[in-house]
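What follows is one structure encoded as structure tokens, with my remarks underneath.
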Amino acid sequence: MTDPIYQFRREIDPVDFDLARCVVSGQVFRWESPAPGHWRGADGATWWDAHEVLGGWSVVSNQPSSTWDRFFRGDVSGAEFRARVTLAGPEVGPLFAMLPGHRLLRPACAREVLFSFVCTANNHLPRIRRMVRHLAEFGIPMTRPDGTVARAFPTLDKLVLVSESQLRAAGFGYRAAYVTQLVQELVARGGETWLDDLRNRPTPELRRTLRTLPGVGPKVADCVALFGFDRTEVVPVDTHVWQIAVRHYFPDWAAETLTARRYEQIAEFFIERFGPDAGWAHQVLFCDNLIHGRSRRIPKA
DNA sequence: TAGGGACCTGCC
DNA sequence: GCAGGTCCCT
């Protein structure tokens with residue numbers, strides 16, 4: 001039995017959408033480029049195979065074009081977003097020119113986002129990708145028309161079979177325990193049903209609830225809320241955002257450390273300034289800080 | 001509520 | 001030495 005295959009084409013304006021920039025910016029971790037102008041990606045049980053064509057992308061997928069559009073937030077105008085953010089925060093405006101085509105993504109699989117970001121704790125991108133790919137290997141295989149195999153991100157009944165020692169051997173380090181404990185806890189709370197039900201919760205409750213999961217602190221919880229549950233007003237405050245916030249908005253904190261209280265103050269500041277655009281605006285600042293390496297060594301002054 | 005330290009692994 | 005932190009303990 002073979003799944004239906006969809007083929008479609010998307011015209012794009014490079015200022016509005018740069019596929020490579022979007023999928024390597026650290027929002028999602030299962031995209032790779034086997035060749036120039038060719039990208040393969042997955043989200044939950046969806047896979048895409050995209051080839052660059054004149055003025056856009058030609059896409060093959062096991063899901064219709066609407067799934068692609070949703071993932072890349074095609075319903076939101078990047079130009080209008082940039083205009084709103086530049087108005088609310090002039091300091092962000094100049095960054096858009098350096099990050100053309102950057103977009104806030106909207107993965108459909110909250111489970112994949114949750115496990116992915118548990119892997120990001122005190123970690124760096126290449127290894128995060130490797131770990132998420134490793135987890136994905138426990139998912140069911142999906143053969144593409146060209147014979148290559150994509151993986152559905154494993155469901156809990158698959159993940160529950162994975163041991164901590166197995167993950168440690170695979171290089172997860174201490175996050176191996178986070179993953180296995182997270183699986184146990186999710187199962188105990190009602191599994192996929194419980195996770196799906198989180199979609200109906202108001203954002204403050206969602207954030208609080210996610211934080212009660214093992215391996216999920218404030219930062220990871222907010223990444224999951226922002227990316228996995230489409231709460232676009234949520235701003236995960238990581239080391240980069242902390243440095244950005246201090247540099248741009250809270251100079252008095254230059255000698256301070258990030259506490260739970262300051263975390264919330266920064267998050268609230270972003271929401272007040274950018275409203276529902278806060279999450280995307282934060283992502284722009286984050287990417288800029290990441291790319292231009294300003295996170296390295298704050299001068300003690 | 002804050003502050004300090006441990007924790008896997010890999011790359012600068 | 002540090003990375004897109006979390007957890008545990010004063």
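These numbers come from a predicted model, not from an experiment. Below, read A as the first sequence line, B as the second, and so on, with proteins coming before strands; counting in each chain starts at 1.
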| message | Looking only at the aromatic ring of each residue, does the gap between the centers of A:Phe117 and A:Phe29 stay below 6.0 angstrom? | response | yes

| task | With P as the reference atom in both, quote the distance from C:dG4 to B:dG3 in angstrom, rounded to an integer. | result | 24 Å

Determine all donor-acceptor pairs shorter than 3.5 Å in which one atom belongs to a side chain in residues 50-60 of chain A; sequence neighbours excluded.
| from | atom 1 | to | atom 2 | distance (Å) |
| --- | --- | --- | --- | --- |
| A:His51 | NE2 | A:His38 | NE2 | 3.4 |

| query | Could you state the CZ-C1' distance from A:Phe117 to C:dG4, rounded to the nearest angstrom? | reply | 8 Å

| Between A:Ile244 (CD1) and C:dG4 (P), how many Å, whole number? | 12 Å

| request: Establish, yes or no, whether the cationic atom of A:Arg144 lies under 6.0 Å from the six-membered ring centre of A:Trp47 and within 45° of the ring axis. | output: yes

| query | For A:Ser25, which contact category applies under a 4.0 Å heavy-atom criterion: base, sugar-phosphate, or nothing? | reply | base

| field | Geometric class of the A:Phe81/A:Trp280 ring pair [parallel <30°, tilted 30-60°, perpendicular >60°] | value | parallel

| said: Using the rule given for salt bridge (charged side-chain N to carboxylate O under 4.0 Å, His left out), can you reason through A:Arg207 versus A:Asp222, listing the C-alpha separation, both sets of side-chain angles and the distance that settles it, and then say yes or no? | reply: CA-CA 6 Å; A:Arg207 294 177 70 218; A:Asp222 285 348; 2.7 Å; yes

| Proximity of A:Phe153 and A:Phe138 rings by center, below 6.0 Å | no

| task | Sticking with atom C1', work out how far C:dT6 lies from B:dC11, rounded to a whole angstrom. | result | 22 Å

| said: Nearest whole Å is fine: how far is B:dC8 C1' from A:Ile128 CD1? | reply: 13 Å

| request: Report the residues that fulfil side-chain hydrogen bond (donor to acceptor under 3.5 Å, both in side chains) with A:Arg273, sequence neighbours left out, ordered by chain and then residue number. | output: A:Glu91

| task | Using a cut-off of strictly less than 4.0 Å between a heavy atom of the residue and any atom of DNA chain C, enumerate the qualifying residues of residues 203-229 of chain A by number. | result | A:Leu213, A:Pro214, A:Gly215, A:Val216, A:Gly217, A:Pro218, A:Lys219, A:Val220, A:Cys223

| message | Among residues at least two apart in sequence or on other chains, which ones pass side-chain contact (heavy atoms from CB on, under 4.5 Å) with A:Thr67? | response | A:Thr46, A:Trp48, A:Gln63, A:Pro64

Could you write out each protein N or O paired with an N or O of nucleotides 2-7 of chain B at a distance under 3.5 Å?
| from | atom 1 | to | atom 2 | distance (Å) |
| --- | --- | --- | --- | --- |
| B:dG3 | OP2 | A:Thr257 | OG1 | 3.3 |

| message | Looking at every non-hydrogen atom in both residues, tell me the closest pair between A:Val28 and A:Pro107 and how far apart they are. | response | CG1-CG, 3.9 Å

| Is there a donor-acceptor contact under 3.5 Å from the side chain of A:Arg208 to the main chain of A:Leu206? | no

| query | Which pair of non-hydrogen atoms, one from A:Pro276 and one from A:Thr232, has the smallest distance, and what is that distance? | reply | O-OG1, 2.8 Å

| task | Round to a whole Å and report the spacing from CZ of A:Arg129 to P of B:dG10. | result | 16 Å

| Considering only the P atoms, how many Å lie between B:dC8 and C:dC9, rounded to the nearest integer? | 15 Å

| query | Taking CZ from A:Arg130 and P from B:dT9, how many angstroms apart are they, rounded to a whole number? | reply | 11 Å

| query | Could you state the CZ-P distance from A:Arg127 to C:dA3, rounded to the nearest angstrom? | reply | 14 Å

| request: Write down the distance between CZ (A:Arg175) and C1' (C:dA3), rounded to a whole number of angstrom. | output: 9 Å

| Using atom C1' of each nucleotide, how far apart are C:dC2 and B:dG5 to the nearest Å? | 15 Å

| field | Aromatic contact, A:His134 with A:Phe172 (centres under 6.0 Å) | value | yes

| Paired stems touching DNA chain C, three or more consecutive Watson-Crick or G-U pairs with both distances under 3.5 Å? | B:2-7 with C:5-10, B:9-11 with C:1-3

| request: Using atom CZ of A:Phe172 as one end and atom P of C:dA3 as the other, report the distance to the nearest whole Å. | output: 21 Å

